[in-house]
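Bear in mind the structure is a predicted one, so any value in this text is a computation, not a measurement. Sequential numbering from 1 along the given sequence is applied to the chain's residues.
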Amino acid sequence: MSSAHVLQALCLLMVFSTASAQHGYMHDTGEEWVNTWRQGFNFQCPHGEVLVAIRSYFSEKEGSDRLWNFECQRTPYDWGEPNECWWDDINRAGLEWSSVCTNNGLVAGVQSKYFEAVLDREWQFYCCRYARRCPYSCWKTNDVPEYHREEGEMVVPSYGYFIRGAQTTFSGVLRDRQWKYILCRMTDFDCQFENF
């Protein structure tokens, strides 16, 4: 093979590897993240899937910001497709926030914008509703991360539990958030209640 062919093959390899690496941002942690430091992001699960895992990595030197990673999973087959999806209420940077998807929705995405003046982010959940399923056996996780400025990770403990929302507090001194995620089971039958 001539050197021109080798050079052409290397160029094509670089193009394809760059295109595949643009799916997420790689940091020196070896993890793929949906955002870069101090940048906004909009993450949505593929249609018919909901969030099941959330991971974040903190850096004080990068504006007391976090890199974020999310994983999705298909909802039970017998639920069918979501009836509707929407962006729910938004919080303001630097403030406490509690949000549960309205209309019995489940969290299927997140968007966030960073504010340099506050060294914090505003947040909004993307929610989807399935038929007339209603939540039950809801509970809040422990703080994620357990301590400010630590790496955070929350994985739904078992199939059949879903993220409906979260409650978060912001430390003005440490410039970081802790989250308690609201997890629920969903009924196997159609119900008539807005928020069961």
*Pairs touching residues 38-47 that satisfy salt bridge (charged side-chain N to carboxylate O under 4.0 Å, His left out), sequence neighbours left out*: Arg38-Glu62
*salt bridge (charged side-chain N to carboxylate O under 4.0 Å, His left out) contacts in which one or both residues fall within residues 85-105, not counting sequence neighbours*: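 Checked against salt bridge (charged side-chain N to carboxylate O under 4.0 Å, His left out) - neighbours excluded - the pairs reaching residues 85-105 are Arg92-Glu122.
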Are the charged groups of [X] and [Y] less than 4.0 angstrom apart, N to O?
X      : Y      : value
Asp65  : Arg121 : yes
Arg55  : Glu153 : yes
Asp176 : Arg66  : yes
Glu60  : Arg175 : no

Side chain of [X], backbone of [Y]: donor and acceptor closer than 3.5 Å?
X      : Y      : answer
Asp120 : Ala93  : no
Asn83  : Ala131 : yes
Arg185 : Cys138 : no
Gln178 : Pro145 : yes

Are any non-hydrogen side-chain atoms of [X] and [Y] less than 4.5 angstrom apart?
X      : Y      : answer
Ser56  : Arg177 : no
Leu51  : Glu71  : no
Tyr114 : Leu119 : yes
Tyr181 : Ile54  : yes
Glu84  : Arg129 : yes
Pro157 : Leu183 : yes
Tyr130 : Pro76  : no
Ile163 : Val156 : yes

*Will you find, in the side chains of Gln124 and Gln111, an N or O donor that is under 3.5 Å from an N or O acceptor?*
yes
*For ring pair (Phe, Tyr, Trp, His ring centres under 6.0 Å), just list the numbers for Trp97 and Phe125, CA-CA rounded to whole Å, side-chain angles, deciding distance to a tenth of an Å, and then say yes or no.*
CA-CA 12 Å; Trp97 181 52; Phe125 288 137; 5.2 Å; yes
Least distance between heavy atoms, [X] atom then [Y] atom:
X      : Y      : result
Asn104 : Cys134 : ND2-SG, 3.6 Å
Trp79  : Leu106 : CZ3-CD1, 3.6 Å
Tyr161 : Ser137 : CE2-O, 3.9 Å
Trp179 : Thr141 : O-OG1, 4.3 Å

*Determine whether more than 12 heavy atoms belonging to other residues, nucleotides or ligands lie under 6.0 Å from atom CG of Asn142.*
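Counting neighbours around CG of Asn142, 12 or fewer heavy atoms of other residues, nucleotides or ligands fall under 6.0 Å, so no.
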_Looking at Tyr147, I want to see if its OH is surrounded by more than 12 non-hydrogen atoms of other residues, nucleotides or ligands under 6.0 Å._
no
*asked:* With disulfide bond (SG atoms under 2.5 Å apart) as the criterion, how do Cys85 and Cys127 come out once you've worked through the C-alpha distance, each side chain's angles and the decisive distance to 0.1 Å?
replied: CA-CA 5 Å; Cys85 296; Cys127 303; over 6 Å; no
*asked:* When you group the ILVMFWY residues by side-chain heavy-atom contacts below 4.5 Å and let the links chain together, are Tyr126 and Val52 in the same group?
replied: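 Unlinked, Val52 and Tyr126 end up in two clusters.
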*Verify whether the ring centers belonging to Phe58 and Trp37 lie closer than 6.0 Å.*
no
_Stepwise side chain to side chain contact (heavy atoms under 4.5 Å, CB included) test for Asn42 and Gln44_ = CA-CA 7 Å; Asn42 177 324; Gln44 292 179 39; 3.4 Å; yes
